[in-house]
Structure formats: structure tokens, C-alpha cells
Amino acid sequence: MGLDFQQFIPSLPYLLKGITVTLQIVVVAGIIGFVLGIILSIFKLSKLPVLSWIAAIYTSVFRGTPLVLQLMIIYFGVPQLTGIQIEPAIAAILSFGLNSAAYISEIIRAGILAVDRGQKEAAMALGVSPRQAMFDLILPQALKNIFPALINEAVSLTKESAVVTVIGVTDIMRRAYIMGGEKYAYLEPMILAGLIYYVLVMILTTLAKVVERRMRRSD
């Protein structure tokens with residue numbers, strides 16, 4: 001008994017096609033999470049109690065329950081409640097996007113609070129509206145400061161995307177499982193899938209470091 005990767009060489013193109021599926025889910029879910037995260041972070045800092053309560057409850061629910069549970073509820077629950085079947089990839093994007101928003105909102109909120117309050121007061125003294133001050137002055141500085149934390153969230157999202165295999169999305173993990181079933185040998189394709197995820201994370205981390213260095217030079 002031993003490892004035999006040679007038998008899986010003909011199936012490598014099939015496995016590599018899963019990268020596209022994984023990246024599509026991660027990118028779209030990441031955009032949804034980022035946009036919704038900004039909205040939630042502003043709600044949390046709002047002077048209107050109802051908005052801060054909504055954001056707090058949202059964050060509590062999505063951070064306090066397992067991601068795989070949220071995925072299953074969206075995939076199986078939406079058809080049960082509406083009678084409309086939802087595609088596995090759409091369910092994955094929605095669940096990951098909504099879940100990521102809860103974590104990103106906390107990151108952005110912390111970044112906004114870290115910006116010197118005097119800058120907002122100075123903007124107000126110059127007649128700048130609170131909304132304009134937030135989006136043109138405070139939020140850009142906050143995003144610059146929390147860039148490493150946002151990259152960490154993107155890395156986590158990339159790795160956690162493997163969970164979509166439970167609802168049949170043919171991502172990297174699912175394809176590796178199918179390859180293993182065909183040969184009755186699962187370890188080799190799982191190792192190959194692990195290497196692909198590792199490479200994706202290393203590429204993302206490297207690109208993030210390049211962007212971060214350029215941001216520091218622009219200071």
C-alpha cells in the first residue's frame with residue numbers, strides 16, 4: 001500500500017476546473033460581504049437605536065451559528081418556504097456573503113473608531129456633511145488601516161468555501177471527492193485539492209503584500 005498519484009494524472013484537468021467554481025463563489029460572496037459589511041458597520045455606529053440593534057442582532061446570529069448550518073438553511077429552507085428551488089452555487093454565494101458581512105462589519109467598525117475623531121470634527125467645522133465626511137474622509141482611512149484584516153477574512157473565505165461540497169457544488173473539494181470515488185482511493189485527490197487551496201491562499205497573500213507595500217509608499 002502507498003500513494004499513487006499517477007493514476008490521477010488524467011483527471012487533473014477535471015480537478016483544476018474546480019478552481020473557477022471556487023473563485024467565482026469566493027469573489028462574488030466577498031463583494032456581497034464587503035458591501036453589506038460597510039452598511040452594517042455604519043448601522044452599528046448610528047445614533048438611531050433601531051439601526052444599531054438590527055446590526056447587532058444580525059452579527060450575533062451569523063457569528064453565533066455554524067457556516068455550514070447557514071448554508072443548509074438557505075439551500076433547503078428557501079425552497080421549503082417559497083417553493084422556488086435555489087441553485088447550489090447561489091445558495092453558497094448567499095450564505096458566504098451574509099456570513100462574511102458579519103465579520104467584515106466588525107473589522108470596519110473597529111477601523112472607523114480608530115480614525116482620529118478630530119478629523120471628523122474638523123470636517124464638520126468646514127461645513128462638510130456627516131455622510132460626506134464618512135465616505136470621503138473617515139472610511140477610506142479606516143479601510144487602509146484594516147487592509148490586513150480584510151485579507152485575512154478573504155483567506156478564511158477561500159478555505160471555508162470547501163464547505164459547499166455538502167450541497168453538491170462541483171468546486172475543488174467536490175471534484176477531489178468524485179475522483180477518489182472513481183478510483184476507490186481518496187487520499188491522493190484530497191492531497192492534490194489541499195495543494196490547490198494552499199497555492200490559492202499563497203497567491204492571495206502575496207498580492208495583498210504587494211498592494212500593502214504600495215499603500216505604505218503612498219503615505
Side-chain angles (χ1 to χ4, degrees), residues 1-34 62-63 65-80 84-104 147-213:
M1 298 296 291
L3 297 176
D4 181 11
F5 288 95
Q6 188 172 359
Q7 63 179 324
F8 293 101
I9 291 178
S11 300
L12 276 179
Y14 173 76
L15 180 61
L16 293 175
K17 286 181 180 178
I19 296 176
T20 302
V21 178
T22 296
L23 290 179
Q24 287 176 342
I25 293 174
V26 170
V27 170
V28 179
I31 293 173
I32 293 174
F34 181 71
F62 279 92
R63 293 182 66 182
T65 55
L67 174 58
V68 66
L69 175 63
Q70 298 162 18
L71 176 63
M72 302 285 271
I73 287 176
I74 291 177
Y75 182 62
F76 294 107
V78 171
Q80 182 177 337
I84 301 174
Q85 185 61 46
I86 185 170
E87 292 294 325
I90 300 299
I93 289 171
L94 288 176
S95 60
F96 288 141
L98 294 174
N99 179 273
S100 182
Y103 290 90
I104 291 177
F147 182 76
L150 291 176
I151 292 301
N152 286 337
E153 178 61 23
V155 168
S156 297
L157 184 60
T158 302
K159 294 185 294 182
E160 290 172 355
S161 67
V163 174
V164 300
T165 189
V166 301
I167 59 172
V169 177
T170 52
D171 68 328
I172 299 170
M173 197 69 181
R174 183 68 177 178
R175 290 169 186 260
Y177 181 80
I178 292 173
M179 288 168 57
E182 292 174 347
K183 302 292 184 180
Y184 297 100
Y186 291 92
L187 182 56
E188 293 92 339
M190 292 302 166
I191 291 176
L192 291 173
L195 289 173
I196 293 174
Y197 280 112
Y198 180 78
V199 171
L200 290 177
V201 169
M202 288 301 102
I203 292 174
L204 177 60
T205 303
T206 301
L207 291 175
K209 288 181 179 179
V210 171
V211 174
E212 189 174 1
R213 282 198 296 268

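Heads up: numbering here begins at 1 and tracks the sequence.
- Within the 3.5 Å criterion, the main-chain N or O of T158 finds a donor-acceptor partner in the side chain of S161.
- The backbone N or O of T65 sits less than 3.5 Å from a side-chain atom of Q70, completing a donor-acceptor pair.
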- Query: Please walk me through it: do V169 and I167 pass side chain to side chain contact (heavy atoms under 4.5 Å, CB included)?
  - Reply: CA-CA 6 Å; V169 177; I167 59 172; 3.9 Å; yes
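- Shortest non-hydrogen contact noted between Y186 and Y177 is CE2-O, 3.5 Å.
- A donor-acceptor pair is defined here as one N or O able to donate and one able to accept, closer than 3.5 Å; no such pair exists between the side chain of Q85 and the backbone of P79.
- The structure places OG of S100 at 9.5 Å from CG of L67, a figure rounded to the nearest 0.5 Å.
- Paired with L71 under the rule side chain to side chain contact (heavy atoms under 4.5 Å, CB included), one option of P88, P66, S95 passes, and it is S95.
- Taking every heavy atom of both residues into account, F5 and E188 meet most closely at CE2-O, 3.6 Å.
- For M179, the CE atom counts as densely surrounded, since its 6.0 Å shell holds more than 12 non-hydrogen atoms of other residues, nucleotides or ligands.
- The shortest non-hydrogen separation linking F62 to A102 is CB-CB, 3.8 Å.
- Expressed to the nearest 0.5 Å, how far CD1 of I178 lies from OG1 of T165 amounts to 7.5 Å.
- Between the side chain of R175 and the main chain of T170, a donor-acceptor pair closer than 3.5 Å is present.
- With a 4.5 Å cut-off on side-chain heavy atoms, V164 and F96 count as touching.
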- Item | Audit row: I74, L98, side chain to side chain contact (heavy atoms under 4.5 Å, CB included) steps and yes/no | CA-CA 11 Å; I74 291 177; L98 294 174; 4.2 Å; yes
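- Here the side chains of M173 and M190 are in contact, with some heavy-atom distance below 4.5 Å.
- Between the side chain of D171 and the main chain of V21, no donor-acceptor pair closer than 3.5 Å is present.
- Distance CD1/I151 to CG/L157: 11.5 Å, rounded to 0.5 Å.
- In this structure, CD1 in I196 is found 4.5 Å from CD1 in I19, a value given to the nearest 0.5 Å.
- Dense packing is recorded around CD of Q7, with more than 12 heavy atoms of other residues, nucleotides or ligands lying under 6.0 Å away.
- Using a 4.5 Å cut-off on side-chain heavy atoms (C-beta onward), V166 and M72 make contact.
- From L15, atom CG reaches atom CD1 of I9 across 12.5 Å, with rounding to the nearest 0.5 Å.
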- Query: Given the rule in the side chain to side chain contact (heavy atoms under 4.5 Å, CB included) test, do L12 and F8 qualify, once you have shown the distances and angles that lead to the verdict?
  - Reply: CA-CA 6 Å; L12 276 179; F8 293 101; 5.8 Å; no
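- Distance check: T22 OG1 to I172 CD1 gives 3.5 Å after rounding to the nearest 0.5 Å.
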